[in-house]
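Reading through the structure tokens given below for one structure.
As the structure lists them, so they are numbered: ligands from 1, and atoms in each ligand from 1. Excluded from the calculations below are hydrogen atoms, water molecules and symmetry mates; all remaining heavy atoms, backbone and side chain alike, are included.
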Amino acid sequence: MTEQKRKRVVILGGGFGGVYTALYLEKLLRKHDDFEILLINKENYFVFQPMLAEVVSGSVGILDTVSPIRRMLPRTDLHVREVESIDIKNSTITTTPGFRPHSHVIHYDHLVLALGNVTDFRGLRGLPEHAIPFKNLGDALYLRNHLIHVLEEAAVEQDSPELRRQLLTFVVAGGGFSGVEVVAELNDFVRGVIKNYPQLDPTDVRVVLLHAQARILPELDEKLALYAQKILARRGVEIRLNTKLAAATGDEAILADGTRISTKSLISTVASSPNPLIDALDLPKERGRLKADSSLLVMGTDNVWALGDCALVPMTDGGICPPTAQFAIRQASTAAHNIVSTFRGGERKSFQFKELGKLAVLGHRSAVAQVFGVNVSGFLAWFLWRTIYLMKLPGWGRRLKVAASWTFDLFLPAELVQLKLGDSMGVSHEHFEPGQEVFHQGDLGDRIYIIARGQAEVARQESGREIVLAKLGAGEYFGEMALLNQTTRNATVRCVEALDLLSIHKREFSVLAANLPSMRDSFEQVMKQRRIATASVLAEAAH
Ligand SMILES: Cc1cc2nc3c(=O)[nH]c(=O)nc-3n(C[C@H](O)[C@H](O)[C@H](O)COP(=O)(O)OP(=O)(O)OC[C@H]3O[C@@H](n4cnc5c(N)ncnc54)[C@H](O)[C@@H]3O)c2cc1C
């Protein structure tokens, strides 16, 4: 068959929905050559998310939860690019530029949308700046490194018990499956490795799970959820039910009832939003998910298919499919069959699947499971969890590696290596709540701050009393004096109205100041004016 006559099926997303659709399409393609498959994904690997929490504790290796898509899909053309836009009217996809600064436009005959959803903390005060998400491999790796980092810091901070306790407090928001699995693995890991830090007191470790409802794991039978609660509590996890996270700063998790938990580690598994690409499509949606019919075709279209977390797919009992891998894989089989039926001629299938079960691991060789309607808990559920997920991992090589990791994990201590993957924190966003100090008089100057939103006051301790020197608002900056003069902070800056700051590390600031003389001059001018204003405020206060 000539190139022109071959249909092109373009799949967007290389998660459970996208990769399994391509796998089933490859099987249907077999000896035929009547269509080609092109898959576009940001990464060149597929992530087995159910095992992601185990990366945190190190019971599976970082790369054991991912598989290279090229090996999984030898007959699929893979484009490792970010999708920039989708044009349904002209049946084209545009991807972002790579090394060459031009975008790539790809035509499709059939389009499969499997873009999942995204973590989105927007609108939640301080969470975009300070909460750690947990969705992909990068998040799991970041969290693992962060946990080791705070333990190392706590071991050094001998003269501040308060800071040490803050560093040893870990808060996880969200008591659904991923929140529970993350808190269980985190708790096991931190309590397990703390014996390697003789300077630290294990009783200082505090692990808190916040959940907005009356019990965790609302998807499971109440008995199992209560069992999970009991097991976690016994292992030292403080579970706060009916508790919502309201805001966060770099120093605290702030609860809706006003309680503040002092921590440097806030992990949130709650805020997921539709993928912005799906959001931008002019196609029927409900709660941000694309409305598909039982054949997985997006309503009102004849060549656009949707599945997985970004789709709203009806079940035979009248409900809608939950956003889980279990459903995405089965939907992929139906979608592949129906796509091929449309151009080879044949009956379309309706999606039919009854959930097999639900499982959640609780660490320490225990889990809870509801399989074929039967409740199982403890060691047996844990064994079931490991067996089922091991068999679901793609490829025997990967299965053997994970089985070996799990076996060694039974005898060997947890891995404690912190991977320093380059410091990308030169410019970052920070959020502060009223009353909180951005820095204190006498601190070392390590950053300069630009106010994006809110108000701050600059105050100095003089002869035993505090004098407010200035109030600063959006568009103004502070913290330059200690950096330019290489001294300690000569005043305290405190948040007056919720502050969103852009903070620039002194390393980046020094490079800019050294290479942009006009910028340095303008900073010095402002510094001079501020010195005069300060002298006048202090003189007035002295009278
Ligand atoms: C920590 C965690 C644990 C979980 N555990 C379980 C479990 O035990 N059992 C279960 O059944 N389900 C579980 N789930 C849910 C399950 O992982 C999801 O339901 C499933 O991944 C949905 O598949 P998907 O293909 O729709 O989306 P995803 O798997 O999220 O895949 C979407 C893909 O699209 C790509 N993408 C997004 N935007 C773009 C773009 N602009 N350009 C290019 N590529 C893009 C992403 O990189 C990603 O590869 C878990 C989820 C998480 C986060």
Inset, instruction - Could you tell me which atoms of ligand 1, counted from 1 in the order shown, lie closer than 4.0 angstrom to a heavy atom of Ser178? - result: 1 (C), 2 (C)
Legend entry - atom 25 (O) of ligand 1: nearest protein contact (heavy atom, Å): Gly17 N, 2.8 Å
Legend entry - Minimum-distance protein heavy atom relative to atom 27 (O) of ligand 1: Gly116 CA, 3.4 Å
Inset, instruction - Classify the ring geometry between His146 and His149 as parallel (under 30°), tilted (30 to 60°) or perpendicular (over 60°). - result: tilted
Inset, instruction - Pull out every atom of ligand 1 sitting under 4.0 Å from any heavy atom of Phe134, numbered as shown with elements. - result: 1 (C)
Legend entry - Among Val66, Thr65, Val361, the one residue meeting side chain to side chain contact (heavy atoms under 4.5 Å, CB included) with Met51: Thr65
Inset, instruction - Return the option from Gln49, Gln326, Glu82, Glu84 holding the heavy atom at the smallest distance from atom 50 (C) of ligand 1. - result: Gln49
Inset, instruction - Measure the shortest side-chain to side-chain distance between Val183 and Val207 over non-hydrogen atoms and say whether it is less than 4.5 angstrom. - result: yes
Inset, instruction - List every atom of ligand 1 that sits less than 4.0 Å from any heavy atom of Gly308, numbering the atoms from 1 in the order shown and giving each element. - result: 26 (O)
Inset, instruction - State whether a side-chain donor-acceptor pair under 3.5 Å links Ser91 with Arg8. - result: no
Inset, instruction - Please report the C-alpha distance between Ser341 and Lys349 in whole Å, then the side-chain angles of each, then the deciding distance to 0.1 Å, and finally whether the side chain to side chain contact (heavy atoms under 4.5 Å, CB included) criterion is met. - result: CA-CA 9 Å; Ser341 296; Lys349 282 200 292 199; over 6 Å; no
Inset, instruction - Check Thr95 against ligand 1 and report side chain, backbone, both or neither, counting heavy atoms closer than 4.0 Å. - result: neither
Legend entry - CG/Leu63: more than 12 non-hydrogen atoms of other groups inside 6.0 Å: no
Inset, instruction - Write out the residue and atom name of the closest protein heavy atom to atom 34 (O) of ligand 1, then the distance separating them to 0.1 Å. - result: Gly13 CA, 3.3 Å
Legend entry - Close N or O approach (Cys310, ligand 1; < 3.5 Å): no
Inset, instruction - Give the residue and atom name of whichever protein heavy atom lies nearest to atom 47 (O) of ligand 1, and the separation in Å to one decimal. - result: Glu43 OE1, 2.9 Å
Legend entry - Audit row: His130, Thr249, side chain to side chain donor-acceptor pair (under 3.5 Å) steps and yes/no: CA-CA 6 Å; His130 302 292; Thr249 70; over 6 Å; no
Inset, instruction - Can you figure out which of Glu355, Lys135, Glu181 has its heavy atom closest to atom 53 (C) of ligand 1? - result: Lys135
Inset, instruction - Look at atom 49 (O) of ligand 1 and find which of Leu39, Ile86, Asn41 reaches it with the closest heavy atom. - result: Asn41
Inset, instruction - Flag the pair Phe343 / His110 as yes when their ring centroid distance falls below 6.0 Å, and as no otherwise. - result: yes
Inset, instruction - Just say parallel, tilted or perpendicular for the rings of Phe16 and Phe46, cut-offs at 30° and 60°. - result: perpendicular
Inset, instruction - Determine, using heavy atoms of Tyr389 and all atoms of ligand 1, whether some pair is separated by less than 4.0 Å. - result: yes
Inset, instruction - Just need the protein heavy atom nearest to atom 6 (C) of ligand 1, so name the residue and atom and give the distance. - result: Pro50 CG, 3.7 Å
Legend entry - Polar proximity ligand 1 side, Ala325 side, N/O cut 3.5 Å exclusive: yes
Legend entry - Arg344, CZ atom: more than 12 neighbouring heavy atoms under 6.0 Å: yes
Inset, instruction - Enumerate the atoms of ligand 1 whose separation from the nearest heavy atom of Leu115 is less than 4.0 angstrom. - result: 32 (C), 34 (O), 36 (N), 37 (C), 38 (N), 39 (C), 45 (C)
Legend entry - Protein heavy atom at shortest distance from atom 28 (P) of ligand 1: Gly15 CA, 4.0 Å
Inset, instruction - Around atom 18 (C) of ligand 1, find the nearest protein heavy atom and jot down its residue, atom name and distance. - result: Asp309 OD2, 3.4 Å
Inset, instruction - For Asn275, take its heavy atoms, then give the atoms of ligand 1 lying under 4.0 Å from any of them. - result: 37 (C), 38 (N)
Legend entry - Under 3.5 Å side-chain donor-acceptor pair for Ser295 and Asp293: yes
Inset, instruction - Would you check the N or O atoms of Phe16, main chain and side chain alike, for any that come under 3.5 Å of an N or O of ligand 1? - result: yes
Inset, instruction - For atom NE2 of His429, decide whether the heavy atoms of other residues, nucleotides or ligands shown that lie under 6.0 angstrom number more than 12. - result: no
